[in-house]
Amino acid sequence: MAALTNSVGDAGRVLLDLSGIDRLDTLGAWVLDRTRHELGERGLAADFVGARAEHNILLNEVAYRGFQGAPVKDTWNVVDIFVDIGKTMVEAWKDLVRGVSFLGELVMAMLRLLVRPSRFRLPALINQLELICFRGVPIIVLISFLVGAIVAQQGIVQLQRFGAQAFVVNLSGILSLRELGVLLTSIMIAGRSGSAFTAEIGSMKMREEIDALRVMGLDPIEVLIVPRVLALMIGLPILAFLAAMAALLGSGVVAWIYGDIPPDVFLARLKSTIDLRTFLVGIIKAPFMAIVIGVIASNEGMAVQGSAESLGRHVTASVVKSIFMVIVLDGFFAIFFAAIKF
Amino acid sequence: MPRPPITPQDERDREAVIRVQDLVVGFGERLIMKKLNLDVYRGEILGFVGPSGQGKSVLTRAILGLVPKREGTIEVFGENLDEISPQSRQEIERRWGVLFQQGALFSALTVRQNVQVPMREYLNLSERLLDELAMLKIEMVGLKPDAADKLPSELSGGMIKRAALARALSLDPEILFLDEPTSGLDPIGAGEFDDLIATLQRTLGLTVFMVTHDLDSLYTVCDRIAALGDGRIIAQGPIEAMLASDDPWVRSYFHGKRARAAMAGAA
């Protein structure tokens, strides 16, 4: 067509003979009419001749009109980076404010339930406990066992150089009880149950089920979120305890096979290095981790908008934020316990 | 059955169960409702029409309290929703039923359990009575008994609407909100749904607030129609008033090809 357009000199009038065309689709019609239009712009009156009646209708339907593409933005700009950083910071701050106000709503809902316990949904709590706690046991125990074993193995290798491999018991004992159990469990629960909360609540939001609850006079926080957060607060300490035991078992097995520390020696050393406090430091953190995971997961779920893409984004955000906050919180606890010399 | 036309005299005598005054709703800088006024009277079926994307659903959601309003008052059963305690609000919430556009059935529960959710919340009934009542509602909306134990994901579009209607009716509400009840239904199903709503309205004395695009519904079941345009009510009244309106949108809506066909069907 371009060649055709160029080959036309200054004939003054151009006739496009379409009589040989059997089938014409929108693409063909568009190109034909665009050609006519371009010839017209060069001052050449172009016309179609011999087109079939139905082709004429199509040609009229797709008559050439200029389309304006979306304005192309400058691809890269230093200012854009700062704008981006600024927006991210503002969003992060808003996120924090939303999280705290959500925590407030949650506490209010729990207090209301304390006043009127008959409204509490025990079946939902039991159901969630099964999903979070009971069904989470195998994977959490397995992972903690493996991590406990790896830490012990590395500990033995390093401590052997100083001939102090017996201290691997202190290392894994304190580490398992204070940090590993609760931290591994929290991270696993954030990935396993936090994502499930966000997806469940988010898809209920998408399908207007949350609105349906509200117009029935039911409080979605009371119905959906309180049972889940409570189940987390009960389930996470139990799982953290199991995880700590599994990590100890893992390190005990490795110490026996790899470090020639028989179980009775391992247990005796363990008994002399740890006390109830070591265990408490770990387990006290668990309910707080549960609240953080629960609040972030529910908050992200309630923020889901209409699209599947939004659901995916919020599930990802839920897991990433929960894991991040769990680790930050663990750091704060470490500082706190050091400060009060516990 | 032709209904007697409603004259302005009648309207003054009737009790407004929903009264929206000077409602302003907006998202960001865009105003959806600009000082909208609308009354819904007891016992009527009000059809609410308007161009797509102009906020018909937003008005419903604002009345239900799902969308925050910026100005104006909304009274339901004569009580200003801004000024009442949470308890009285809950009292009002159990007196209305809502059918969402996509049904919004709880996806984890069967149809029967869905219908029972409001009953379990507000009534203290035996399991047997709960089951019987739920089955009664399910049959009332024209679903077969074997649908009762299906999950929403196993139902067709028409069955979801019926099941959602059964849930909306579970506490025998006084006001029924319907958001495009016949959209996505085939003409026969839509016609049956219209008849069902008309029957329920007559037998239970419901007030129905129906957002719809379906001209057949407007002709056959609605007592009064309100048309939304540019954030306000641009015309309201019985179908005759709509036909006589000189607003260009209302004219083209009620005098278009489809409207004439619906009028011929209703006559």
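In what follows, chains carry the letters A, B, and so on, assigned in the order in which the sequence lines appear, proteins first and then strands, with residues in each chain numbered from 1.
- Within the 4.5 angstrom heavy-atom criterion, atoms from both the backbone and the side chain of A:Leu213 approach chain B.
- The two residues B:Leu66 and A:Arg214 have their closest heavy-atom pair at CD2-CB, 3.8 Å.
- Taking B:Pro118, B:Ser107, B:Ala164 one by one and counting their heavy-atom pairs under 4.5 Å with chain A, the maximum is reached by B:Ser107.
- Remark: A:Asp25 CG is packed, more than 12 non-hydrogen atoms of other residues, nucleotides or ligands lying under 6.0 Å away.
- Of the residues B:Ile63, B:Thr60, B:Val98, the one that meets the side-chain contact (heavy atoms from CB on, under 4.5 Å) test with A:Val215 is B:Val98.
- Enclosure of atom CZ in B:Arg120 by more than 12 non-hydrogen atoms of other residues, nucleotides or ligands within 6.0 angstrom is indicated.
- Judged by distance alone, the side chain of B:Glu121 and the main-chain N or O of A:Leu218 form no donor-acceptor pair under 3.5 Å.
- The two atoms that bring B:Ala104 and A:Glu208 nearest to each other are CB-O, 3.5 Å, heavy atoms only.
- Looking at B:Tyr122, the atoms closer than 4.5 Å to chain A (heavy atoms on both sides) all sit in the side chain, from C-beta outward.
- Closest approach of B:Arg167 and A:Ala212 over heavy atoms only: NH2-CB, 3.5 Å.
- Within the 4.5 angstrom heavy-atom criterion, no atom of B:Leu171 approaches chain A.
- For B:Arg89, no part sits under 4.5 Å from any heavy atom of chain A, backbone or side chain.
- In terms of heavy atoms, A:Met204 sits closest to B:Phe106 at CE-CD2, 4.1 Å.
- Within a 6.0 Å sphere centred on CZ of B:Phe77, heavy atoms belonging to other residues, nucleotides or ligands number more than 12.
- Not one N or O on the side chain of B:Trp96 forms a donor-acceptor pair closer than 3.5 Å with the backbone of A:Met216.
- Counting non-hydrogen atoms of other residues, nucleotides and ligands closer than 6.0 Å to CD of A:Glu61 gives a total of 12 or fewer.
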